Amino acid sequence: MLFRRIAGPAPTLDMQEDPEMKKQSLVAMSLAALAAGYATAEAGTLPSIPESLRTPAAEILTLETAARGVQIYQCSARQDEPTRFEWTFKAPEADLFDTTGRKIGKHYAGPTWESDDGSKVVGVLKARDNGPDADAIPWLLLGAKSTAGSGVFSRTTSIQRVRTVGGIPPTETCSEAQAGNVSRVGYSATYYFYVAKP
């Protein structure tokens, strides 16, 4: 686009008197902030991630998803003390959403992340961090135990679970009388997926 310079003092705009101009300016600033955030993530610099949960330098971030669902617990006898009972984690059950809020897959026992494109990855725990919220499940680093399909999860090598909310074991009584009872505790989290650098 060409602009013609006009002699004389530069015109001024009062955005308070021009709602449309103000709206356009706010949209531009928001887009710039989002672009900066994604540039930081794609560069592999995630300052909020504890050092113990960082992925190898040979991997790059390819996908961020938000999970919303439940952590499933069952009241059962402790393996080391069969006369004592506790809430035992059984599996997650959550929907996965991309950064625009569109549902793109699901998360379930394994732990498994499965995309709507048919690809999936099963993880294995490598490290954990309690995270900043004592009332939320821990942050995790997982490696890919296996993958399937040819879609978004097919080349995954590492997964981080961060920004967790809720999901901790129930506070209600778990005793022999409640043995077998199941509790579904709401949670949310952010999952980052990494692949090997090309």
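Values in this document were obtained by computation on a predicted structure and should not be read as measured data.
For the pair K126 and G143, the tightest heavy-atom approach, listed with the atom from each and the gap, is CD-N, 3.3 Å. The minimum heavy-atom distance between I168 and V185, with the atom names listed, is O-CG1, 3.5 Å. Closest of all the heavy-atom pairs between S52 and D129 is OG-OD2, 4.2 Å. Nearest heavy-atom pair across G149 and S154 is O-CB, 3.2 Å. The heavy-atom pair separating S76 from T88 by the smallest distance is OG-OG1, 2.9 Å. Residues G151 and D117 approach most closely at CA-OD2, 3.3 Å, considering heavy atoms.
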For this session: Any chance you could lay out the side-chain contact (heavy atoms from CB on, under 4.5 Å) test for E64 and Y192, step after step, and finish with the verdict?
Result: CA-CA 5 Å; E64 174 184 346; Y192 291 122; 3.5 Å; yes
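With a 4.5 Å cut-off on side-chain heavy atoms, W87 and Q178 do not count as touching. Side chains of P198 and I60 form a contact here, defined as non-hydrogen atoms less than 4.5 Å apart. Residues L141 and T55 form a side-chain contact, since some pair of their non-hydrogen atoms from C-beta on lies under 4.5 Å apart. Here the side chains of P138 and T164 are not in contact, with every heavy-atom distance at 4.5 Å or above. Considering only heavy atoms from C-beta on, S119 stays 4.5 Å or farther from R155 through its side chain. You'll find the side chain of V182 stays beyond 4.5 Å of the side chain of K90, heavy atoms only. Counting only heavy atoms from C-beta outward, the side chains of I72 and R184 approach each other to under 4.5 Å.
Residue-environment remark: NZ (K103) exceeds the threshold of 12 foreign heavy atoms within 6.0 Å. The neighbour count for R84 CZ, taken as heavy atoms of other residues, nucleotides or ligands under 6.0 Å away, does not exceed 12. No more than 12 heavy-atom neighbours from other residues, nucleotides or ligands sit within 6.0 angstrom of CD on E176. For N130, the CG atom sits in a loose shell: 12 or fewer heavy atoms of surrounding residues, nucleotides or ligands are nearer than 6.0 Å.
Once rounded to the nearest 0.5 Å, the distance linking OG1 of T65 with NE2 of H107 reads 9.0 Å. Separating the OG atom in S146 from the NZ atom in K120 is a distance of 9.0 Å, to the nearest 0.5 Å. The distance from atom CD of E86 to atom CD of Q79, rounded to the nearest 0.5 Å, is 9.0 Å. Rounding to the nearest 0.5 Å gives a distance of 5.0 Å between CZ of R163 and OG of S48. If you take OH on Y194 and CG on L142, they are separated by 12.5 Å, rounding to the nearest 0.5 Å. Separation of atoms CG (D95) and OG (S188) is listed at 13.0 Å; rounding is to 0.5 Å.
In the hydrophobic clustering of ILVMFWY residues, with side-chain heavy atoms under 4.5 Å counting as a link, V70 and Y108 come out apart. Under the 4.5 Å side-chain contact rule for hydrophobic residues, W113 and V122 do not share a cluster. Residue V124 is not grouped with residue I159 when hydrophobic side chains (ILVMFWY) are merged at heavy-atom distances under 4.5 angstrom, including chains of intermediate members. When the side chains of ILVMFWY residues are joined at heavy-atom separations under 4.5 Å, either directly or via intervening members, I137 and L96 end up in a single hydrophobic cluster. Linking Ile, Leu, Val, Met, Phe, Trp and Tyr whenever their side-chain heavy atoms come within less than 4.5 Å puts V162 and L61 in one cluster.
Residue pairs satisfying the ring pair (Phe, Tyr, Trp, His ring centres under 6.0 Å) criterion with at least one member in residues 135-190, sequence neighbours excluded, are listed as follows: F153-F193.
F89 meets the ring-ring contact (aromatic ring centres under 6.0 Å, His included) test with Y73; sequence neighbours excluded.
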